[in-house]
Amino acid sequence: QVHLAESGGGLVQAGGSLRLSCVASGSIFSINAMGWYRQAPGKQRELVATKTRAGTTTYAESVKGRFTVSRDNTKNTAYLQMNSLKPEDTAVYYCNAKVRTIDEWYDTDYWGQGTQVTVSS
């Protein structure tokens, strides 16, 4: 089917930076949107940033000006550049892709396994 492979998580001090990567593979016809969600223990999963194939971006208000989402459509890859990290950014970050497979005409959501981001104070 479709697999999303995430990397780039880790431990960083407040004010530091990290870059997450997500590579999609499988029976892909097109990826119409890719982005990132995060979930802290005891909290709801929330949207962080997403980008459509056409280039439209959406950001959570809490990360605007600090995080940047980008895509390399030819490589089925998405990135999340995280700057000026805060302790409240600590969470498991999940890659999300809205994928149209070679077998269907509609988009389906796929999720990565998640990568831990920890920001120390």
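Remark: Ile31 CD1 to Leu4 CG distance equals 7.5 Å, nearest 0.5 Å. In this structure, CG in Asp72 is found 6.0 Å from OG1 in Thr77, a value given to the nearest 0.5 Å. The CG atom of Asn76 sits 4.5 Å away from atom CD1 of Ile28, with the distance rounded to the nearest 0.5 Å. Rounded to the nearest 0.5 Å, atoms OG (Ser62) and CD (Glu88) are 8.5 Å apart.
Taking both residues in full, the closest heavy atoms of Thr68 and Tyr59 are given as CA-OH, 3.4 Å, listed atom of the first, atom of the second, then distance. The shortest non-hydrogen separation linking Ser17 to Ser84 is OG-N, 4.3 Å.
Residues Thr108 and Val99 form no side-chain contact, since every pair of their non-hydrogen atoms from C-beta on lies 4.5 Å or further apart.
Residues passing the side chain to side chain contact (heavy atoms under 4.5 Å, CB included) test with Glu46 are Arg38, sequence neighbours excluded.
In this structure a side-chain-to-backbone donor-acceptor pair under 3.5 Å is missing from Gln1 to Gly26. Using modelled atom types, one side-chain atom of Glu6 and one backbone atom of Gly114 make a donor-acceptor pair closer than 3.5 Å. Using modelled atom types, one side-chain atom of Arg71 and one backbone atom of Lys51 make a donor-acceptor pair closer than 3.5 Å. Side-chain atoms of Thr50 come within 3.5 Å of backbone N or O of Met34 as a donor-acceptor pair.
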Between Asp89 and Met82, is the side-chain contact (heavy atoms from CB on, under 4.5 Å) condition met? List the steps. CA-CA 10 Å; Asp89 295 318; Met82 303 184 291; over 6 Å; no

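Within the structure, the ring pair (Phe, Tyr, Trp, His ring centres under 6.0 Å) test picks out the following pairs touching residues 16-58 (sequence neighbours left out): Tyr37-Trp111. Applying the side-chain hydrogen bond (donor to acceptor under 3.5 Å, both in side chains) test to pairs two or more places apart or on separate chains, those with a residue in residues 94-105 are Asn96-Asp109, Lys98-Asp109, Arg100-Asp107.
Paired with Leu85 under the rule side-chain contact (heavy atoms from CB on, under 4.5 Å), one option of Val63, Thr90, Val12 passes, and it is Val12.
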